[in-house]
Amino acid sequence: MASDWEATIQAVDEEIRGLEAGLAAGALALAPTVDQALDLANRLMRAFAEAVGRDVGPDQDPLEVFKAFVKGDPSLTAIRDNVRELVYYRNCLAAGREDALPVNPTAMAVRTIRHIALYLRTRALKEPGLHAT
C-alpha cells in the first residue's frame, strides 16, 4: 500500500509544481486553480487513508472526505482549516462573490494545497510502512 501513497504524493507534488510555475508566470485562472487544488486535496486524503487502512467512502465532496479522513485520528485535523479555505473559495466563486475572497486568492489556493501536501508528507513519516519520498 505504501507504494500507492508514494506514487500519489509524487504525482500531486508534480501537479503542485505546475501550479507554482503557472502562478510565477501569472498564467493561472482562479476557478480552475481552486478546482484543481480541491481535487489534489481529495486525492491526498484518500491515498493517505487507504495507505493506513481506512476507508473514506465514495463521497467526493472535500468536506465529507475530510470528516471520514480524520475519524479515529484527531491529529489529522491539522489540515482542517486548509481544506475549509479551499471549499470557501469554491463556494464564493459559485455564489458570484469574488469580492469576499482574500487578496490574491489564486496564490493562496496554490500555497494552501502545498501546505496540505507538506503536512501529509511529513505525517506519513510517523506511519509504519509509509515513506515520504
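Atoms considered below: every heavy atom in the structure, side chains included; atoms not considered: hydrogens, waters and symmetry mates.
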* Could you walk me through whether Arg80 and Val70 pass the side-chain contact (heavy atoms from CB on, under 4.5 Å) test, one step at a time? => CA-CA 9 Å; Arg80 178 187 60 214; Val70 300; over 6 Å; no

* Could you give me the CA-CA distance, side-chain angles and deciding distance for Leu120 and Ile116, then say whether side-chain contact (heavy atoms from CB on, under 4.5 Å) is met? => CA-CA 6 Å; Leu120 290 177; Ile116 292 170; 4.1 Å; yes

* To do: Test side-chain contact (heavy atoms from CB on, under 4.5 Å) on Arg43 and Leu40 and set out the steps.
  => CA-CA 5 Å; Arg43 285 171 44 198; Leu40 294 172; 3.5 Å; yes

* To do: Starting from the C-alpha separation in whole Å, work towards a yes-or-no answer on side-chain contact (heavy atoms from CB on, under 4.5 Å) for Ile79 and Leu44.
  => CA-CA 11 Å; Ile79 63 168; Leu44 286 169; over 6 Å; no

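Salt-bridge formation is detected for the pair Asp13/Arg114: a Lys NZ or Arg NE/NH1/NH2 atom is positioned less than 4.0 Å from an Asp or Glu carboxylate oxygen. Glu64 has a carboxylate O that lies under 4.0 Å from a charged side-chain N of Lys67, or vice versa, which qualifies the two as a salt bridge. With respect to Asp73 and Lys126, no salt bridge is recorded, no charged nitrogen being found less than 4.0 Å from a carboxylate O. Between Glu50 and Arg46 no salt bridge is recorded (no basic side-chain N to carboxylate O distance below 4.0 Å).
Inter-residue side-chain proximity for Leu101 and Leu93 is flagged as met; some heavy-atom pair is nearer than 4.5 Å.
In this structure, the separation between CG on Leu23 and OG1 on Thr106 is 7.5 Å, given to the nearest 0.5 Å. A distance of 11.0 Å separates OG1 in Thr33 from CG in Leu38, rounded to the nearest 0.5 Å. Between the CE atom in Met108 and the OH atom in Tyr89 there is a gap of 4.5 Å [rounded to 0.5 Å]. Taken to the nearest 0.5 Å, the CD atom of Glu20 stands 10.0 Å off from the CG atom of Leu28. For the atom pair Trp5 CH2 and Thr8 OG1, the distance stands at 7.5 Å (nearest 0.5 Å).
No continuous path of hydrophobic side-chain contacts links Leu76 to Leu118 [ILVMFWY only; heavy atoms under 4.5 Å].
The minimum heavy-atom distance linking Val34 with Ala109 is given by the pair CG2-CB, 4.2 Å. The two residues Ala29 and Pro32 have their closest heavy-atom pair at O-CD, 3.5 Å. Nearest heavy-atom pair, Val56 versus Ala49, reported as atom, atom and distance to 0.1 Å: CG1-CB, 3.6 Å. Nearest approach of Ser75 to Arg123, heavy atoms of both residues: OG-NH2, 3.0 Å. Here the closest non-hydrogen pair linking Glu85 and Thr112 is OE1-OG1, 3.4 Å. The two residues Ala37 and Ile113 make their nearest non-hydrogen contact at O-CD1, 3.5 Å.
Under the 30°/60° scheme for interplanar angles, the aromatic rings of Phe69 and Phe66 are found to be tilted.
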